[in-house]
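The sequence lines fix the lettering, A, B, ..., with proteins before strands; numbering per chain opens at 1. On a predicted model such as this, the values are computed, not experimentally measured, just so you know.
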Protein chains: 2
Amino acid sequence: MQVTRAVDYGIRALMLMSGQPVGTRHFLQDLAQQGDLPRNYLVKVLKSLACVGIVRSHRGIKGGFSLGRVPSEITLRQVVEAIDGPVHVMHCIADARSCNLAGRCAPEVFFRELRAVILRSLENSTLQDLLDMQRRIDNGTACETCAEHDLVRKA
Amino acid sequence: MQVTRAVDYGIRALMLMSGQPVGTRHFLQDLAQQGDLPRNYLVKVLKSLACVGIVRSHRGIKGGFSLGRVPSEITLRQVVEAIDGPVHVMHCIADARSCNLAGRCAPEVFFRELRAVILRSLENSTLQDLLDMQRRIDNGTACETCAEHDLVRKA
DNA sequence: TGGACAACGGATAAGAAACTCTTATAATCT
DNA sequence: AGATTATAAGAGTTTCTTATCCGTTGTCCA
């Protein structure tokens, strides 16, 4: 019941990029260094994000990565699904054939609903929300619980 | 972002056992057969459930497994945590040392809250709730969406 | 046109987790 | 004592995670 490290890396890299205007180029090298992320692994994560347009990649000298759109239009659901694939919560939701009771089974119904709850949470938070919260944390203008409540309010 | 198959097996076995009074003995063999579950794997799952008292194991002839308490007092959180261990959602919540920003990092705050949402859902559903829903599904007295709403209401 | 730089793609691999099966042991009943 | 059942330990297989490395390709610039 855990999101992979790759998602963690992806979010951190995106937050670093979000610090500057959308078109700005960021080199893999710099992102890895600033965020303390494994360079050779991060490139695969960014590739996944590029596939769905969350970031854009540019080859050649003066290449690098840039955000594909403004942070307020990048939801955590998009990030998680781009990197980890669809959120399923339970295997029978991922693959209906793995269960011969498909749709007529109470546990499945429950986990399907749990999935919906999780997706709503992930959809209601954008990169911009995380940025804003981080800024408040850094300023010391938000206690941790206030910050939490702030995120919940929307979900 | 998935619960393991072991949890699925555990829930199914528990539902089979819940069909009869609490003290009733159930043989591993029968549970595996009735639920179409892998016998040799199920034994490990039941072992985990026995460790926390959700089921009781009895050795020797006429042994078998029995429920440790009534289904209405077994929450899905208890089952999931007994089998899969604590729900963490993100590695830095599992192990604070894995992140040098512990507590001062917006993503962590978000995932900590997501975890709370998931735990609430898992806590608010008991084995008895699943049983009731299954009965309604079998009777055809509940459409799938009604059943879903029924579970959500509590969460 | 050629060299330097940066992402791309594929191969590889250690490690953990998930899953299955086997074998031997201990407890209990008849 | 003998049959039956859970318990314990372990090996083995597969898959996923988390990387690392290297040759290739595309792009810019001098």
Atom-to-atom span, CG of Leu37(B) to P of dC21(C) - whole angstrom: 13 Å
Of the non-hydrogen atoms in Leu119(B) and Glu81(B), which two are nearest, and what is the gap between them? CD2-OE2, 4.0 Å
Group every Ile, Leu, Val, Met, Phe, Trp and Tyr by side-chain heavy-atom contacts under 4.5 Å, then state whether Val52(B) and Leu67(B) land in the same group. yes
Starting at atom NE2 of His91(A), determine the distance to atom P of dA18(C), rounded to an integer number of angstrom. 13 Å
To the nearest angstrom, how far is Leu42(A) atom CG from dC8(C) atom C1'? 14 Å
Residue list, salt bridge (charged side-chain N to carboxylate O under 4.0 Å, His left out) with Asp84(A), at least two apart or on another chain: none
Rounded off to whole Å, could you give me the CE-to-P distance for the Met1(A) and dA18(C) pair? 13 Å
Heavy-atom closest contact (Leu46(A) atom, Val55(A) atom, distance): O-CG2, 3.6 Å
Rounded to whole Å, please give me the gap between CG in Leu31(B) and P in dT5(D). 13 Å
Annotated protein contacts, base or backbone, on nucleotides 9-22 of chain D with a non-hydrogen cut-off under 4.0 Å, one of B, S, - each: -B------SBBB--
Quick one: label Leu46(A) by what it contacts on the DNA or RNA (base, sugar-phosphate, nothing), any heavy atom closer than 4.0 Å. nothing
Trace of the salt bridge (charged side-chain N to carboxylate O under 4.0 Å, His left out) decision for Arg12(A) with Asp8(A): CA-CA 6 Å; Arg12(A) 284 178 207 285; Asp8(A) 188 27; 3.0 Å; yes
Between His58(A) and Ser66(A), which heavy-atom pair has the shortest distance, and what is it? NE2-OG, 2.9 Å
Rounded to whole angstroms, how far apart are CD1 on Ile83(B) and C1' on dA18(C)? 14 Å
Residue pairs, two or more places apart or on separate chains, that pass salt bridge (charged side-chain N to carboxylate O under 4.0 Å, His left out) and touch residues 47-63 of chain A: none
Contact check, residues 14-24 of chain A vs DNA chain C, heavy-atom distance under 4.0 Å, returns none
Measure CZ/Arg25(B) against P/dA27(C) and give the value in whole Å, please. 16 Å
If hydrophobic clusters are built by linking Ile, Leu, Val, Met, Phe, Trp and Tyr wherever their side-chain heavy atoms come under 4.5 Å apart, do Phe27(A) and Val22(A) end up in the same one? no
Check each residue of residues 49-68 of chain B for a non-hydrogen atom within less than 4.0 Å of any atom in DNA chain D, then write out the ones that pass by number, or none. Ser57(B), His58(B), Arg59(B), Gly60(B), Ile61(B), Gly64(B), Phe65(B)
Measure CD/Gln2(A) against C1'/dA16(C) and give the value in whole Å, please. 12 Å
Side-chain donor-acceptor distances from residues 30-43 of chain A under 3.5 Å, at least two apart:
residue	atom	partner	partner atom	Å
Arg39(A)	NE	Gln29(A)	OE1	2.8

Taking all non-hydrogen atoms of both residues into account, name the closest pair between His88(B) and Arg115(B) and its distance. O-CD, 3.9 Å
Work out which heavy atom in Val45(A) is nearest to a heavy atom in Ala6(A); give both atom names and the distance. CG1-O, 3.6 Å
